[in-house]
Enquirer: 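Provided herewith is a single structure, encoded as structure tokens, for subsequent inquiry.
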Amino acid sequence: MAGKSSKSKNRRVSTPNSANPLEQTASTDVPLKENLSSVDSPDVVAVANGVPTITEEDSRLTKTEANENDSKHEAKQGEGDVRLYPVSVKAPNGEKLELQLNPGDSVMDLRQFLLDAPETCYFTCYELMLHTKDGSVHQLADYNEISEVADITTGGCSLEMIPAMYDDRSIRAHVHRARELFSLSAVHASLSTSLALQHDTSRNTSTEAVKAEVPELEGLGFMEDTTGLLTELVSSSSKDIKCVESLVFSSFNPPPSYRRLVGDLIYFDVTTLEGHKFCITGTTTKFYVNSSTGNTLDPRPAKSPCEAPTLIGLLQKISSKFKKAFREILELKASAHPFETVQSLLVPNSWLGAYPVCDHKRDAARAEDALTLSYGSELIGMQRDWNEELQSCREFPHTSHQERILRDRALYKVTSDFVNAAINGAVGVINRCIPPINPTDPECFHMYVHNNIFFSFAIDADLGQLSKNQSTFELKIIKSSFEKASSNLPQESSTVENVGKPNGSTTDELHGVTDLAPDSRAELQLADNEQATYASANNDLKGTKAYQEADVQGLYNLAMAIIDYRGHRVVAQSIIPGILQGDKSDSLLYGSVDNGKKICWNEAFHSKVLEAAKHLHLKEHTVLDGSGNIVKLAAPVECKGIVGSDDRHYLLDLMRATPRDANYTGPQSRFCVLRPELVAAFCEAETTERSKCKSELQKTPAVADSSSHTTVDLEVSAEATAVVPNSVDTTESDTIKATQDCDSSPTENGAVSDEILLNPNVLTEFNLAGSQAEVAADEECVRKAGTYLKDVVLPKFVQDLCTLEVSPMDGQTLIEALHAHGINVRYLGKVADMTKHLPHIWDLCAVEIVVRSAKHILKDVLRDSQDHDLGPAVSHFFNCFYGHIQPLGTKGATNSTQSRSQKKDHVANQLSNKSSKTQTRWKSGASGKVTPASYIHITSDSLWSNIDEFAKLKYEFVSTEDVRARVKKISVIRNLCNKVGITIVARKYDLDAAAPFQTSDILNLQPVVKHSIPVCSEARDLVETGKVRLAEGMLNEAYTLFSEAFSILQQVTGPMHREVANCCRYLAMVLYHAGDMAGAIMQQHKELIINERCLGLDHPDTAHSYGNMALFYHGLNQTELALRHMSRTLLLLSLSCGSDHPDVAATFINVAMMYQDIGKMNTALRYLQEALKKNERLLGEEHIQTAVCYHALAIAFNCMGAFKLSLQHEKKTYDILVKQLGEEDSRTRDSQNWIKTFKMRDIQASAQKQKGQALNAASTQKALDILKAHPELVQAMQAAAAGGGSGNAGASANQSIGSAMMGENLQRGRGVDERGARARAGATKKAAAKGIVGRHHGVPVQHLNALNSGTSPEAQSNAQSVAPKKEANSVGKAQGDGKENGSVIIQDGAPAGLGAGLGVLNPKKQKVISKVV
């Protein structure tokens, strides 16, 4: 548990030999702290307190700041303050080093520090002795804190590492550690780091201006969708440094009994780089070279005795080349960025592999590890009890700040380890290496227990529904198969089903249900079978997350993960203690195992569930069981509350933790439930509406007799697109009725609660008790939530897409955006229908629907494929999907037809009792034998026919004719590979060919996992508060909040986590707005490394990280380095979203600005023109982003002296701003001032020309030459001069004048992190609602300043023509509520890269100018 969080603290090690250039750069943050704190003196301490967490954790900074914080900031942070004390350490080899420790550090933390230090990294077996100032000696136990043993605050303490005795386990761990140190595979070098180092190396030898460094200079061909980009993404791995030829366990193992009695534990065979062969003996105390030669063991020490307490120490003695190579490895690791060497718990899958494929060379050590089929379990010692570890961590005290950190850290580590073990176990299950616990049942119903984890399969009911709808007959469920399925379903109560009731009881239970409607009977008949579907597994995981976040004391949930691999979906769960041993029929205390026929209830259990229900907005209600008994519940009927043998109360089977979606009804929509985000938003909106109506009722008496039956009107208007639907029109009586309907449950004291609660069991087959009016009110409330989703949330989401407040880049970010708004993926077809006016969004939705449909079919193909057919099956599927595969003659066409008819019987075959030779979930029931290569009957036409049918059935999306052509893009290949876990070679593919893929192109199939790893809610709240402060312009408070969140996350998750990257991004934004470019680059570099390692090299967040990095470098006048990062940004954008996306246009504007600043106007104009084309085509001619492009062109022509062209483009900008923002908006007035300036300059230029003083003739001629060489620019000028435009494309934008504020969108247009801009935009709206007026903080560079700042156009234009980059280095005014002081930091220092260059920045060259706003 200690290993993760301590990774961030390894920079505390301070030795004379430390040579990390990044440690030098940490000092550049010191002036920043002074600058920020000088703005508002009461915040000095708070800012200082946050700084140690965002520098390189250097003790030189943290020591003095902690002293200040201890006295002044104690009330705010309390136990969160960290004070460090120096403690010297003496290593077993005699070397000494010094650590900066906190009394609260555990001994496990201390061991991790020593494991990361170069001097002690290869010592693994030792005891720690603490020598105090008074001369006493204390032995440190691993699970103690230092403060529990001795007080190190008095000073004069030292540590000594005493070698301990090896045993079988520790000596193997020692060898494993040595092998890790021999390799550089743990160093994940970022391209940004190498670019900065290359720049620092070359800057002293070359002073030339930026040349054609990026390949997109000529004709913008770089953004054309060619598969040649793939080879540029996967860089060739750096050459590894070889220390030894081989180091393997000797075939003399195990030691003979007589040698074991004298201490021999293990033998090694080593071949050094010099070619010498040695046989090494590992004993309980040391390693030495024995005299063995040939096939006979000679345990005596060699004639030239060589021994050492560590294996690496011995190798250093017997091989000089090893000593040199090992030193080089340690130096390389020490010079790398700390985040590049930190372990990542969950590594993302890579969909691309190196091309050409690397040679597979002999590696005996790798073979030894691979041939041990452990599948995540411990080879030596007792297996981990995941459930006990998880529940014990949840029982940790969490009243104080430090206790919460320790608890969250333990939960995160245990859950992450469980997920890794679950992945390994699931792979073993699917590879048939783990036997089932019910081998006599059909294979599709097998269940497994391995490494104290329960594994079960889930079936793809969506694909079965497709087959059912394609058939002309209705599916008949075979009773015997259904009985078998019901008694062995892996997801229904998981392990409970086997112990909570006897097998075969399901039949009687089903026959006992006679009082249900036909539809309800059909739902109940399918209910048991659907427990094991994909939907129920996903819902169960979401429900588990929701109850974990509720965190009710005494109520426990199981650890859970869903693993998709080779077409199978495996659900992994921890095991309830005692559930697999003996009869536990009395263990069920709450809920039902037979779909409501018998419902158990326990008062103590109900009280805990009720407390959790309040967090989940679920209502306490009553239901009827099969005998007519009334039972009070606060959860779904089918949930199960079980008491384990450890006397803990477990709640599981949470497939319907939220109410049902009223927009989807019918037997097949039983698990179509609302998302928790939607429930929370609906309850908040209803509460706001009710409080508003109550205040009106208090003013106006209600007329009871004249109530009308007017229903709630939820039609969307311009005001209904807000977060709270203020346009809901209700009468007074309707308001009273809604108040009573949505929450009629009395509280304990009899008063009616004002909280909105939903009944999770309405609109289901279960019988609800209570009055008819109450049941109707509950149903109406749930239906109202569904209407809210359809009529309010969906239009608001589409409106955010129009205004670019939400700008998804690929399928993953689109789904994340949908979920964040509470929209289920099944609404993707509706979103596509509502975004036909946005080509890039419609294309994104259509492609995502197609890829998701193809994923289900591909996984079915993988399930039906033999092990030796996996590669050919994937390549054939890809060829059918991207190419054009015809049937194999008439016979092949007939077989294809038969194959499609066979798929109609999938659902029936899922329930058949037949076992197949492979681990397939279902097979064709028409024939008794399995076709060895059934995938060859798939053709392009049949595949696309099935995809179209699936999309229509699942997403209500009717594909158009051009959808098939739209998938021929690299971004679609990437999307499908990531969803299925496929790795292909990074080569150039001809997607226009009939068969673009070959079997050799498929490199790997990897598991794709969904998990319930908890997040740190405290850090999340700090980040949200920091966003609000940043939007209000309060840089000091924002800096402190983000720093505190960063510090907490470092301790909880370690640095390799997505939330840590978010903190780094916001810290970089704060530092950038404060004018500290060097500090911003350091934070942005951290975010970039984390995103590359946690999200992937080509994730959209990684692309934005490179883009922001480029802007920060540009702020330091490092235009060449900035353009290199922009080149990487465009590469990643082309892979994730293609060339047609507003973010690509925004990036083009940034690239043009950079070229403009270095005088390459030709290239700058081409990029601006391309950006204008994209925005007009994608967003419309009257969108604000289009205005940004016109203004950028106006500024560019102004710099060239072509004032007439500047005037034409600025007029177009003004016209758009008038339509979108009105004439009174400050940005519109700024544009009007620019028009006046351009007119004045045009008149002056004409006068000078008449007098023979045409000073700008050369630049004007240059512009004319460019226009002659590029006729497309002339066409754009003519269009601008026309000043017209249809305005149809921008009609949607005209509807969002209130939300599409100019400042928000201009920040996006600049390419600065659009997520941060959107967050600030949302926070600004909230602040405005509270009466707080804040100015939007855009990126203070060039053409955006023209619209955002209050600077006069004359002054700005002069600054641009004389020194364009001074404007980029200045800082926008920080405005808050009228009481904040802003500071402007002008960076005059020489720019530098991320390497040693940052260290040479002279902090004395920074000038602080305080301004009162």
Side-chain angles (χ1 to χ4, degrees), residues 374-378 382-391 414-415 417-439 441 443-459 485-501 503 531-534 536-541 543-544 548 556-565 568-582 584 587-588 593 639-646 648 650-655 919 921 1007 1009-1012:
S374 63
Y375 290 104
S377 62
E378 295 286 344
M382 185 177 178
Q383 291 184 340
R384 296 178 66 173
D385 188 342
W386 299 107
N387 185 77
E388 180 61 30
E389 288 188 32
L390 181 65
Q391 313 311 340
V414 170
T415 312
D417 290 346
F418 169 82
V419 171
N420 280 320
I423 293 174
N424 294 325
V427 171
V429 166
I430 296 172
N431 288 339
R432 302 180 299 281
C433 294
I434 298 174
I437 62 176
N438 54 338
D441 292 336
E443 284 190 86
C444 56
F445 303 128
H446 279 176
M447 295 177 286
Y448 307 81
V449 174
H450 174 71
N451 196 13
N452 283 326
I453 302 176
F454 177 83
F455 297 94
S456 58
F457 283 106
I459 60 175
S486 301
S487 60
N488 294 282
L489 279 173
Q491 193 61 29
E492 173 69 11
S493 179
S494 300
T495 58
V496 179
E497 195 67 39
N498 295 329
V499 297
K501 62 177 181 177
N503 289 337
Q531 303 301 311
T533 62
Y534 280 20
S536 63
N538 288 333
N539 289 350
D540 196 5
L541 182 63
T544 300
Q548 284 177 355
Y556 300 90
N557 301 104
L558 302 179
M560 183 178 179
I562 299 175
I563 299 96
D564 291 305
Y565 179 60
H568 299 276
R569 169 160 289 190
V570 174
V571 180
Q573 292 174 307
S574 58
I575 302 175
I576 298 178
I579 204 68
L580 295 178
Q581 290 83 28
K584 290 289 180 180
S587 62
L588 182 66
V593 296
C639 77
K640 295 159 188 67
I642 300 173
V643 57
S645 60
D646 56 355
R648 293 190 178 104
Y650 295 90
L651 189 65
L652 58 153
D653 281 358
L654 303 168
M655 284 79 70
Q919 188 71 16
R921 295 311 312 258
V1009 62
K1010 298 179 181 179
H1011 52 73
S1012 60

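This is a predicted model, so every value here is computed, not measured. One-based numbering along the sequence shown.
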Enquirer: Side chains of Ile576 and Leu558: closer than 4.5 Å at any heavy-atom pair?
Expert: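 Result yes, sub-4.5 Å side-chain heavy-atom pair found.
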
Enquirer: Consider side chain to side chain contact (heavy atoms under 4.5 Å, CB included). Of Ile563, Asp564, Val570, which one does Val1009 pass it with?
Expert: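 Of the listed residues Ile563, Asp564, Val570, the side chain to side chain contact (heavy atoms under 4.5 Å, CB included) partner of Val1009 is Ile563.
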
Enquirer: Within this structure, what is the CD1-CD distance for the pair Ile562 and Gln573, rounded to the nearest 0.5 Å?
Expert: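 The CD atom of Gln573 is 9.0 Å from CD1 of Ile562, to the nearest 0.5 Å.
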
Enquirer: Has the side chain of Trp386 got a donor or acceptor atom that lies under 3.5 Å from a matching backbone atom of Asp417?
Expert: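 Not a single qualifying donor-acceptor pair exists.
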
Enquirer: Please enumerate all residues that pass side chain to side chain donor-acceptor pair (under 3.5 Å) together with Tyr556, with sequence neighbours excluded.
Expert: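 For Tyr556 the side chain to side chain donor-acceptor pair (under 3.5 Å) partners, ignoring immediate neighbours, are Glu395.
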
Enquirer: Between Leu654 and Asn557, does a side-chain contact (heavy atoms from CB on, under 4.5 Å) hold up when you go through it step by step?
Expert: CA-CA 10 Å; Leu654 303 168; Asn557 301 104; 3.7 Å; yes

Enquirer: Which heavy atom in Ser587 sits nearest to a heavy atom in Ile579, and how many Å separate them?
Expert: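 Smallest interatomic distance, heavy atoms only, reads OG-CD1, 4.3 Å.
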
Enquirer: Go through the structure and list residues passing side chain to side chain contact (heavy atoms under 4.5 Å, CB included) with Ala559, not counting sequence neighbours.
Expert: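 With sequence neighbours excluded, Ala559 shows a side chain to side chain contact (heavy atoms under 4.5 Å, CB included) to Leu390, Phe418, Ser574, given in chain and number order.
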
Enquirer: Could you grab the distance from atom CG of Asn451 to atom CD of Gln383, nearest 0.5 Å is fine?
Expert: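 CD of Gln383 is found 5.0 Å from CG of Asn451.
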
Enquirer: Considering non-hydrogen atoms only, spot the tightest contact between His446 and Pro436 and give its length.
Expert: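 Result for this residue pair: ND1-CG, 3.6 Å.
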
Enquirer: Restricting to non-hydrogen atoms, name the atom on Gly578 and the atom on Ser645 that form the minimum distance, rounded to 0.1 Å.
Expert: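 Answer, listing the atom of Gly578 first, then Ser645: N-OG, 3.4 Å.
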
Enquirer: Applying side chain to side chain donor-acceptor pair (under 3.5 Å), name anything that partners Asn387, two or more places apart in sequence or on another chain.
Expert: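 Asn387: side chain to side chain donor-acceptor pair (under 3.5 Å) contacts with Gln391, Tyr650.
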
Enquirer: Write down the atom of Met447, the atom of Asn438, and the distance for their closest heavy-atom approach.
Expert: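 For Met447 and Asn438, the tightest heavy-atom pair comes out as N-OD1, 2.9 Å.
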
Enquirer: State which residues pass side chain to side chain donor-acceptor pair (under 3.5 Å) with Asn539; sequence neighbours excluded, sorted by chain then number.
Expert: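 Scan of Asn539 (side chain to side chain donor-acceptor pair (under 3.5 Å), adjacent residues dropped) gives Lys542.
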
Enquirer: Could you tell me whether the side chain of Tyr565 reaches within less than 4.5 Å of the side chain of Ile423, counting heavy atoms only?
Expert: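 No. Closest side-chain heavy atoms not under 4.5 Å.
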
Enquirer: If you take all heavy atoms of Leu651 and Cys639, which pair is closest and at what distance?
Expert: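 Of all heavy-atom pairs spanning Leu651 and Cys639, the closest is CD1-SG, 3.9 Å.
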
Enquirer: Grab the two heavy atoms, one from Glu388 and one from Asp646, that are nearest each other, plus how far apart they are.
Expert: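 Heavy atoms of Glu388 and Asp646 come nearest at OE1-OD2, 4.4 Å.
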
Enquirer: Report yes if some heavy atom in the side chain of Lys1010 is under 4.5 Å from a heavy atom in the side chain of Asn538; otherwise report no.
Expert: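 SC-SC contact between Lys1010 and Asn538 confirmed.
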
Enquirer: Just verifying a value: how many Å separate Arg648 CZ and Ile642 CD1, rounded to the nearest 0.5 Å?
Expert: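 Here the interatomic distance stands at 15.0 Å.
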
Enquirer: Is any side-chain heavy atom of His1011 closer than 4.5 Å to one of Thr415?
Expert: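 Not in contact.
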
Enquirer: Is the shortest side-chain heavy-atom distance between Asn452 and Arg384 below 4.5 Å?
Expert: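 Side chain of Asn452 against side chain of Arg384, heavy atoms only: no contact under 4.5 Å found.
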
